[in-house]
Amino acid sequence: MTKLNVSNPKVWVVIGVGFAGILILAEVNRRRLKARNSIKQDFGAFIERIELLPFSQPPPPAARLSLSGLSFAIKDNIDVKEYVTGFGSPDWKRTHEVATKTAMVVTALLKHGSTCVGKTIMDEFGLGITGENVHYGTPTNPKLPSHIPGGSSSGSAVAVAAELVDFAIGTDTTGCIRVPAAFCGVFGFRPSHGAVSTIGVLPVSQSLDSIGWLARDPSVLHRVGHVLLQIPSIEPKRTRCFVIADDLFQLCNIPKQKTVYVVTKVIEKLSGYQTPKHLNLGQYIASNVPSLKGFIEQSTIQQNGMSTLRALSSVMFLLQRYEFNTNYEEWMKAVKLRLGSQVTNHIAAAVTLAPENIKVLYKVRTEMRAAMQNLLKNDGILVLPTIADRPLKLKSRKGLSAEVHDRAFALLGIASISGCCQAAIPFGEHDNYPISLSFIASHGTDKFLLDTVLDMYSSIQEEVSIQSSASPLPDTNGSIDASEFLKEKGNAAFKGKQWNKAVSYYTEAIKLNDNATYYSNRAAAYLELGCFQQAEEDCTKAISLDKKNVKAYMRRGTARESLLFYKEALQDIRHALVLEPQNKFASVSEKRLRKLIS
């Protein structure tokens, strides 16, 4: 190597440039590290940190403001004066000016002593329930960091679950508060439609939108509700009449001893709570919302009420897309959108939807509200799972499958279409995943529902702790001759269409003898009763005892299709076809299921 000529000024220039490059690289790395640490610190919940201080406290002897000392965050579709409302979209943000006024919901919270600390990330345009945003990133679910947080109020739920704020404000159109509350293990409240002012909030669908909130503590949930709903603090006590939607609990695989049994035991302990009633909600809606008939798919399998709930969610999406298009059609035409992949289909459907027979959608909404009012009146509470399935893993290539989608919105569409108030409530965990049940009360009974949640929750926590370690009782075995006699009595009852009697006889036979035929026969009776989860469990037991039981495969396929598990149903039908290639009913079922999955 030749020696450097240090007297040459060019050498010093090169050295200086190289040294400056090293410094710049070090600074870039330092800033990246700081940015990563910042994201970890706030779990990626915030799109923008702001500070809105509360109004002044009144001088003594006046009482402290009801939300004094609490912090909150707001979703990025809520206006704050002198800030651009982003709507979860960089295209929206770059084409709009700063807000000239602060939303009424924010002003109300500031007036009552709370401090706003930031705006949170949301699904683009509020058109999703996964919580993912390709432009701004997906907030990290504090309960399950490798899974989605749920949306569209994802950042609001994460900020609460991560203890970054005491409560957060979001919006709920098709489940946008309830889903992230369930996935992040916090409380979520969707108030009655129209109960909280939407002035200063960007709409998705005015007929479905509701301003809601999330909290870790039921007392905070309650206090925020009193402020936003402007309800009197004193109200006459009422008895509470619970209605358990048995068909909806069949959609999820969480043991009933961690859900329905907990609710039942808590009700037994508390005064003023009546023994719960049980109901097939899908069948009730089918009988009381006549305008839904035109949206129900004609199917020999789904004559059970579950097809009604699918139809209800179809109406919800048609209404959402029609109104979204009405709101934003001109803007969408003027702007070349850079859409996230999960939003593209929503936008395309909204833009191409023809407004034919739109009046029928509003008629379904009116009938549904009346049906729920008739069911619950002013003292009834419907109990159901908040969401049927576990949250997906982050960046799941498949996204929401057809059956997961259908199960989710069969549950979520009830409050969205009826306009009823709904509280999503944490019920512990199962297999390390959060459990969330929901209470729904009729439109306008929000205070009653909030009071109920606050009144029950300490007892719910106690019972959840007890049942988390409980185990089911084993079955018993006995005489084969007696069991055959009971089976024949069950068969006779089945032929006479006495389904409940048939179940009782088959159950007695099973207690005496673990026999695949008995389980399969009882499953057939359960199918007639619309008890699809029990039918599926019986068929699974039958197949474990007899791998060549064609009827068990067929009946399990029927049960799973009714529960909207299409892929699993298709597998069962194909098993049956392997065992009986000429089975015509199985062939027809296979074609229908392949069409549903595609």
Side-chain angles (χ1 to χ4, degrees), residues 127 129 172-175 193 204-209 245 247-248 250-251 279-326 345-375 382 384 388 400-420 422 440 443 530 532 558 561-566 569 592-593 595-598:
L127 294 173
I129 63 163
D172 189 306
T173 306
T174 60
H193 182 260
V204 173
S205 170
Q206 288 90 327
S207 295
L208 305 173
D209 292 344
D247 53 328
L248 303 186
Q250 294 178 44
L251 293 177
L279 175 77
N280 185 311
L281 186 68
Q283 290 179 356
Y284 173 81
I285 293 171
S287 301
N288 290 276
V289 186
S291 295
L292 262 182
K293 289 179 182 177
F295 298 93
I296 298 174
E297 295 177 12
Q298 298 304 313
S299 166
T300 55
I301 299 296
Q302 294 186 348
Q303 299 290 329
N304 48 63
M306 203 52 65
S307 56
T308 303
L309 294 172
R310 285 186 63 196
L312 192 70
S313 65
S314 296
V315 169
M316 177 178 70
F317 283 119
L318 288 169
L319 193 53
Q320 178 201 33
R321 289 162 182 170
Y322 171 76
E323 292 187 341
F324 184 90
N325 184 42
T326 302
N345 291 337
H346 287 281
I347 297 291
V351 173
T352 58
L353 181 68
E356 296 170 6
N357 300 322
I358 199 69
K359 289 182 181 179
V360 181
L361 303 179
Y362 293 103
K363 192 174 182 183
V364 168
R365 180 171 166 263
T366 302
E367 291 174 358
M368 182 65 183
R369 181 173 297 184
M372 293 299 286
Q373 176 64 40
N374 188 52
L375 173 67
L382 182 72
L384 68 160
L400 288 179
S401 64
E403 53 261 48
V404 170
H405 177 280
D406 285 356
R407 284 193 295 274
F409 291 107
L411 299 170
L412 297 168
I414 297 162
S416 289
I417 289 290
S418 68
C420 290
Q422 178 172 344
I440 292 179
H443 184 272
F532 306 112
T558 299
E561 182 179 352
S562 298
L563 292 169
L564 312 180
F565 289 95
Y566 305 133
R592 182 181 59 256
L593 285 164
K595 186 178 178 182
L596 281 171
I597 291 169
S598 63

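Being a predicted model, the structure only gives us computed values, none of them experimental.
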Self-check item: Distance (rounded to the nearest 0.5 Å) between Tyr566 OH and Ile597 CD1
Solution: 9.5 Å

Exercise. Taking the side chain as every heavy atom from C-beta outward, state whether Asp172 and Ser416 have any pair of such atoms under 4.5 Å apart.
Key: yes

Quiz item: Is it true that a side-chain atom of Arg365 and a backbone atom of Ser207 form a donor plus acceptor pair closer than 3.5 Å?
Solution: yes

Quiz item: What heavy-atom pair brings Leu251 and Ala410 nearest, and what distance separates the two atoms?
Solution: CD1-CB, 4.3 Å

Quiz item: Got a sec, which residues hit side chain to side chain contact (heavy atoms under 4.5 Å, CB included) with Ala569, two or more places apart in sequence or on another chain?
Solution: Arg560, Glu561, Leu593

Quiz prompt | Pairwise side-chain contact, Leu309 with Leu248, heavy-atom cut-off 4.5 Å (strictly under) | solution = yes

Self-check item: Distance, nearest 0.5 Å, that separates OG of Ser287 from CG of Leu292
Solution: 11.5 Å

Self-check item: Set of side-chain hydrogen bond (donor to acceptor under 3.5 Å, both in side chains) partners for Ser291, sequence neighbours left out
Solution: Glu367

Quiz item: Given the rule in the side-chain contact (heavy atoms from CB on, under 4.5 Å) test, do Leu400 and Ile129 qualify, once you have shown the distances and angles that lead to the verdict?
Solution: CA-CA 10 Å; Leu400 288 179; Ile129 63 163; 4.1 Å; yes

Self-check item: Sub-4.5 Å side-chain heavy-atom contact between Thr326 and Tyr322
Solution: yes

Quiz item: Can you tell me how far CD1 of Ile414 sits from CZ of Phe409, rounded to the nearest 0.5 angstrom?
Solution: 13.0 Å

Quiz item: How far does CZ of Arg321 sit from CE of Met316, to the nearest 0.5 angstrom?
Solution: 9.5 Å

Exercise. Enter the distance from Leu412:CG to Gln422:CD here, rounded to the nearest 0.5 Å.
Key: 7.0 Å

Self-check item: Test side-chain hydrogen bond (donor to acceptor under 3.5 Å, both in side chains) applied to Ser205 - qualifying residues, sequence neighbours left out
Solution: Glu323

Practice problem: To the nearest 0.5 Å, tell me how far Leu384 CG sits from Ile440 CD1. | Solution: 4.5 Å

Practice problem: Evaluate the side-chain contact (heavy atoms from CB on, under 4.5 Å) criterion for residues Asn280 and Tyr284: first the C-alpha distance (whole Å), next the side-chain angles of each, then the deciding distance (0.1 Å), finally the verdict. | Solution: CA-CA 6 Å; Asn280 185 311; Tyr284 173 81; over 6 Å; no

Practice problem: Not counting sequence neighbours, which residues clear side-chain hydrogen bond (donor to acceptor under 3.5 Å, both in side chains) with Thr173? List them please. | Solution: Asp209

Exercise. Name all pairs fulfilling the salt bridge (Lys or Arg N to Asp or Glu O under 4.0 Å) condition that reach into residues 400-413, sequence neighbours left out, sorted by first residue then second.
Key: Arg310-Asp406, Asp389-Arg407

Practice problem: Could you walk me through whether Leu208 and Phe317 pass side-chain contact (heavy atoms from CB on, under 4.5 Å), step by step? | Solution: CA-CA 10 Å; Leu208 305 173; Phe317 283 119; over 6 Å; no

Self-check item: From Val315, Leu318, Leu319, residue fulfilling side chain to side chain contact (heavy atoms under 4.5 Å, CB included) relative to Val364
Solution: Val315

Practice problem: Give a yes or no answer on whether the side chain of His193 reaches the backbone of Ala415 with a donor-acceptor pair at less than 3.5 Å. | Solution: no

Quiz item: Between Thr308 and Gln283, is any pair of side-chain heavy atoms under 4.5 Å apart?
Solution: no

Quiz item: Could you walk me through whether Leu375 and Leu281 pass the side-chain contact (heavy atoms from CB on, under 4.5 Å) check?
Solution: CA-CA 10 Å; Leu375 173 67; Leu281 186 68; 4.0 Å; yes

Quiz prompt | Over all atoms of both residues, closest heavy-atom pair of Ala245 and Leu382 | solution = CB-CD1, 4.1 Å

Quiz item: So which heavy atom on Ala311 is nearest to which on Ile296, and how close?
Solution: CB-CG1, 3.7 Å

Exercise. Can you see which heavy atom on Met306 is nearest to which on Asp247, and at what distance?
Key: CE-O, 3.8 Å

Exercise. Identify, with sequence neighbours excluded, every residue that meets side-chain hydrogen bond (donor to acceptor under 3.5 Å, both in side chains) alongside Ser418.
Key: none

